[in-house]
Number of protein chains: 2
Amino acid sequence: MNQSQKEFYEVFTELQCFILANMQKGDINGVTATHYNIIEYIYRHNKCTGKQVAKAFSISPPAISRQLKFLIENGFIEQEQSRADRRVFHLSVTGQGRFIVDNSENFRESVAKGASKTLTKTELKSLTFLLAKVMHNVVGNDH
Amino acid sequence: MNQSQKEFYEVFTELQCFILANMQKGDINGVTATHYNIIEYIYRHNKCTGKQVAKAFSISPPAISRQLKFLIENGFIEQEQSRADRRVFHLSVTGQGRFIVDNSENFRESVAKGASKTLTKTELKSLTFLLAKVMHNVVGNDH
DNA sequence: TATATTTAGTTAACTTTGTTAATTATTAGC
DNA sequence: GCTAATAATTAACAAAGTTAACTAAATATA
């Protein structure tokens, strides 16, 4: 790695530690960060399937199956069997699930607000642009 | 959240999913991503203590204790009891541990290289600067 | 049409890694 | 010198990941 890459590597390491430290810790409103992320995904991808969720979070079907079971039993999401393909269940959030997403200030939101407070509007836009550019390139190359 | 914050939030969400997806997956050279991160930390903080490692990764002393035990038993790191305070053990990497850090292209390194390929040098420097600014502000406010 | 293959999701058994509570050994404060 | 605090470990447990095996439904093929 050259100097610029090393400098990026340093700060990206900090970022990774920060993100990991803020995951999987105690519940807020009865859901962990992972639960929250799944609920939010389903909220934003209404009528999606378990397979899609598993893929989005890169975890195995049994793992997502257990998570969805928990979220259904606790009233955050619900599922409906597809008429077109009865193997498939379409997922959607309940009122309670929607409430959680709309009302809990999550970790990413506090980071976004922190970023907005620290940077000028131009800088924030620039950061978003550059990060998106990297993400779309790196993630795209990954499969 | 305003529009700029929302845009940042979107891409930060992708980034979080990406980082989480690349953690805790199968071994490379016999160590998981978590093991690797601990070895690298000890490499960069020679003679550090278990307590420091636990704090750096925001996990409990027993959790780090088990990880260190694994890394010692498998020859990646070693510990030496402090003379000044015999409760304390100073950690350092072995030749094998150093080899792992020096030779395995890790996830963050591939992101750094990807970023460097996608962005101009000026853009990469800008991204590093902005990310560092946000990190130091947000992490600093967190305790 | 009947049979074989593929697919979505679940269950079971297990592993890893986190947690808290209790314990040990050592240091530091009155 | 006794008491409180600290670094690390052990034990018991919980959460969440994995693979393998299974069910039910859809699709492909002979």
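Lettering follows sequence order; numbering is per chain, from 1. Only a predicted model underlies this, so the values are computations on that prediction, with no experimental measurement involved.
- With rounding to whole Å, B:R83 atom CZ is found 19 Å from D:dA7 atom C1'.
- Straight-line distance from the CZ atom of B:F89 to the P atom of C:dT24: 16 Å, rounded to whole Å.
- Listed candidates were D:dA16, D:dA7, D:dG17. Nearest to the side chain of B:V88 is D:dA7.
- The side chain of B:S60 approaches C:dT20 more closely than any other nucleotide in the set D:dA16, C:dT20, C:dT11.
- Other residues, nucleotides and ligands contribute more than 12 heavy atoms inside 6.0 Å of the CD atom of B:Q96.
- Between A:Q52 and B:R87, the residue whose closest nucleotide on DNA chain C is further toward the 5' end is A:Q52.
- Taking the six-membered ring for Trp and thresholds of 30 and 60 degrees, B:F57 and B:Y41 have ring planes more than 60 degrees apart, a perpendicular arrangement.
- What separates CG of A:L20 from P of C:dT17 is a distance of 13 Å, to the nearest Å.
- Here the P atom of nucleotide C:dT16 and the CD1 atom of A:I59 are 19 Å apart, to the nearest Å.
- At whole-Å resolution of the value, CG in A:D85 and P in D:dT27 are 6 Å apart.
- Counting atom types as modelled, B:R86 pairs no side-chain N or O with a base atom of C:dT26 as donor and acceptor under 3.5 Å.
- Summarising the geometry, the separation between CD on B:Q67 and P on D:dA8 is reported as 15 Å, rounded to the nearest angstrom.
- For A:R66, counting side-chain heavy atoms from C-beta on, the closest listed nucleotide (C:dA8, D:dT18, C:dG18) is D:dT18.
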Considering only nitrogen or oxygen atoms on both sides, find all protein atoms under 3.5 Å from nucleotides 20-22 of chain D and state each distance.
none

Subject >> B:H35 and B:Q67: CA distance, side-chain angles, deciding distance, side-chain hydrogen bond (donor to acceptor under 3.5 Å, both in side chains) verdict >> reply: CA-CA 7 Å; B:H35 291 147; B:Q67 296 283 10; 3.2 Å; yes
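- Salt bridge present: B:R108 and B:E40 bring a charged side-chain N and a carboxylate O closer than 4.0 Å.
- Comparing C:dT10, C:dA8, C:dG18 by their closest approach to the side chain of A:K51 singles out C:dA8.
- Following rounding to the nearest Å, A:I38 (CD1) and D:dG17 (P) show an atom-to-atom distance of 7 Å.
- In terms of heavy atoms, B:T128 sits closest to A:S4 at OG1-O, 4.5 Å.
- Put simply, CZ on B:F57 is 20 Å from P on C:dT16, counting in whole angstrom units.
- Proximity of A:L68 to A:I42: side-chain heavy atoms (C-beta onward) are separated by under 4.5 Å at one or more points.
- Of the possible polar contacts, none joining the A:S116 side chain to the A:A112 backbone as a donor-acceptor pair under 3.5 Å is found.
- The stretch residues 74-82 of chain B has no heavy atom under 4.0 angstrom from DNA chain D at all.
- Heavy-atom neighbours of B:E14 CD from other residues, nucleotides or ligands within 6.0 Å: above the threshold of 12.
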**OP:** Quick one: do B:K6 and A:E109 satisfy salt bridge (Lys or Arg N to Asp or Glu O under 4.0 Å)? Show the steps, please.
**Re:** CA-CA 8 Å; B:K6 269 184 196 156; A:E109 201 169 321; over 6 Å; no
